[in-house]
Amino acid sequence: MDLERFDLPRYLSMLPLFQEMQPPELQRLAAGSKLRQLARGDDVFRLGERCNEFHVAVTGQIKLFAISPAGQEKIIEIVGPGNSFAEALMFTDRPYFINAQALSDCLLVSVGKDAVLREIGNDPRFCMRMLAGLSRRLHGLVNDVQAYALHSGVERVIGYLMRDLPEDGVEAASVQLPVSKASIASRLSMTPEYFSKVLRELEDKGLIEVDKREIRLLDTQQLARYPLK
């Protein structure tokens, strides 16, 4: 991608956080931001580094993860295009307490703290939009913790596969895994072997078909009730 031709103010205007901003405000915000091209495996930031910005994925996938004392990696979140991360930490004046790394080739927008604070001072409504976004993220993380504590591994996998289906329901659907099965397993707090075992179990029951990263949900109603049907 030709970064010199990338219209950063226009891109920012399409994000929910910034879509009510006027062109002069978007220009100022863009001036305090930077575009970054990352290859798979490149670090966005590392534990202990100073946090002076938050980030938005334009393309690709970013994993937020921690390393246990035993050296095991635990993926906390996988961030896809149009989603932001590290907003709350930016306001704490503390270093990053997790790591962020590209799972694929990525284009990233990093929005500087000074630019954000300036726009908050100019328009308090901007602050309220940021708070709303942080609240949505916190709500999602709380739901994740509840799922890990209260749901079995099978229920977690089914919940992940059905997470983006419309509320009114569909009989069948196809899900494309955005990252490797190992990364998704870590995100769901299970081993890759157990994740694959659950997929095989659901496939043996005739509920799904697995074709590499494509998962076809053959009967969503039965799948939602499994194993309680």
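- For Ser33, the side chain to side chain contact (heavy atoms under 4.5 Å, CB included) test picks out Leu8, Val109, Val111, with sequence neighbours left out.
- Under the salt bridge (Lys or Arg N to Asp or Glu O under 4.0 Å) criterion, Arg46 pairs with Asp43, not counting sequence neighbours.
- To the nearest 0.5 Å, the span separating CD on Glu155 from CG on Leu188 amounts to 12.5 Å.
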Could you check Val157 against Val154 for side-chain contact (heavy atoms from CB on, under 4.5 Å), going step by step and ending with a plain yes or no? CA-CA 5 Å; Val157 172; Val154 173; 6.0 Å; no

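- Pro9 and Ala30 make their closest contact through CG-CB, 3.7 Å (heavy atoms, listed as atom of the first residue, atom of the second, distance).
- A search for side chain to side chain contact (heavy atoms under 4.5 Å, CB included) contacts involving Arg200 returns Ser196, Lys197, not counting sequence neighbours.
- Side chain to side chain, Ser186 and Ser183 fail the donor-acceptor criterion of an N or O pair below 3.5 Å.
- Considering only heavy atoms from C-beta on, Leu177 comes within 4.5 Å of Lys181 through its side chain.
- With hydrogens and angles disregarded, a donor-acceptor distance shorter than 3.5 Å links the side chain of Arg163 to the backbone of Tyr160.
- With sequence neighbours left out, Glu214 forms a salt bridge (Lys or Arg N to Asp or Glu O under 4.0 Å) with Arg216.
- By the side chain to side chain contact (heavy atoms under 4.5 Å, CB included) test, Glu73 pairs with Lys63, Phe65, Ile67, Ile75, sequence neighbours left out.
- The CE atom of Met162 sits 5.0 Å away from atom OG1 of Thr220, with the distance rounded to the nearest 0.5 Å.
- To the nearest 0.5 angstrom, Cys106 atom SG is 10.5 Å from Arg36 atom CZ.
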For residues 115-124, dump all side-chain donor-acceptor pairs below 3.5 Å to protein atoms at least two apart in sequence or in another chain.
{"from": "Glu119", "atom 1": "OE1", "to": "Arg28", "atom 2": "NH2", "distance (Å)": "3.1"}
{"from": "Glu119", "atom 1": "OE2", "to": "Arg28", "atom 2": "NE", "distance (Å)": "2.9"}
{"from": "Asn122", "atom 1": "ND2", "to": "Arg118", "atom 2": "O", "distance (Å)": "3.3"}
{"from": "Asp123", "atom 1": "OD1", "to": "Arg125", "atom 2": "N", "distance (Å)": "3.0"}
{"from": "Asp123", "atom 1": "OD1", "to": "Arg125", "atom 2": "NE", "distance (Å)": "3.1"}
{"from": "Asp123", "atom 1": "OD2", "to": "Arg125", "atom 2": "NE", "distance (Å)": "3.4"}
{"from": "Asp123", "atom 1": "OD2", "to": "Arg125", "atom 2": "NH2", "distance (Å)": "3.2"}

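- Between Met21 and Glu25, the shortest heavy-atom distance links the atoms CA-OE1, 3.3 Å.
- Every salt bridge (Lys or Arg N to Asp or Glu O under 4.0 Å) that Lys34 has, sequence neighbours left out, goes to Glu53.
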Evaluate the criterion side-chain contact (heavy atoms from CB on, under 4.5 Å) for residue pair Ile208 and Val175; output intermediate values, then yes/no. CA-CA 10 Å; Ile208 67 171; Val175 175; over 6 Å; no

Show, in sequence, the C-alpha distance, side-chain angles and deciding distance for Leu199 and Phe195, and conclude whether the side-chain contact (heavy atoms from CB on, under 4.5 Å) test is met. CA-CA 6 Å; Leu199 292 180; Phe195 181 70; 3.7 Å; yes

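- Dense packing is recorded around CD of Glu49, with more than 12 heavy atoms of other residues, nucleotides or ligands lying under 6.0 Å away.
- With rounding to the nearest 0.5 Å, the separation of SG in Cys51 from CZ in Phe97 is 9.5 Å.
- Contact detail for His55 and Ala86: the closest heavy-atom pair is CD2-CB, 4.1 Å.
- Annotation: Gln72, atom CD; neighbour count of heavy atoms from other residues, nucleotides and ligands within 6.0 Å does not exceed 12.
- Here the straight-line distance linking atom CD of Glu77 with atom CD1 of Ile62 works out to 11.5 Å at 0.5 Å rounding.
- With sequence neighbours excluded, the residues satisfying ring pair (Phe, Tyr, Trp, His ring centres under 6.0 Å) with Phe18 are Phe126.
- What you find for Asn99 and Ala66 is that their closest heavy atoms are ND2-CA, 4.3 Å.
- With sequence neighbours excluded, the residues that form a side chain to side chain contact (heavy atoms under 4.5 Å, CB included) with Ala88 are Leu134.
- From Ile78, atom CD1 reaches atom CG of Leu64 across 9.0 Å, with rounding to the nearest 0.5 Å.
- A side-chain N or O of Glu201 and one of Tyr226 form a donor-acceptor pair less than 3.5 Å apart.
- No side-chain heavy atom of Leu47 sits less than 4.5 Å from a side-chain heavy atom of Ile98.
- Residues Asn83 and Val56 fail the side-chain proximity criterion, which asks for heavy atoms closer than 4.5 Å.
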Could you walk me through whether Leu107 and Phe6 pass the side-chain contact (heavy atoms from CB on, under 4.5 Å) test, one step at a time? CA-CA 11 Å; Leu107 181 63; Phe6 188 87; 3.9 Å; yes

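- With sequence neighbours left out, the ring pair (Phe, Tyr, Trp, His ring centres under 6.0 Å) criterion links Phe54 to no other residue.
- Counting non-hydrogen atoms of other residues, nucleotides and ligands closer than 6.0 Å to CZ of Arg213 gives a total above 12.
- Clustering ILVMFWY residues whenever any of their side-chain heavy atoms sit less than 4.5 angstrom apart, transitively, puts Val210 in a cluster other than the one holding Leu218.
- For residues 93-109, the pairs satisfying salt bridge (charged side-chain N to carboxylate O under 4.0 Å, His left out) are Asp93-Lys113, with sequence neighbours left out.
- Nearest heavy-atom pair across Gly60 and Pro81 is O-CD, 3.4 Å.
- The two atoms that bring Gly82 and Leu15 nearest to each other are O-CD2, 3.9 Å, heavy atoms only.
- Using a 4.5 Å heavy-atom cutoff, the side chains of Pro178 and Gln61 are in contact.
- Residues passing the side-chain hydrogen bond (donor to acceptor under 3.5 Å, both in side chains) test with Tyr11: none are found, sequence neighbours excluded.
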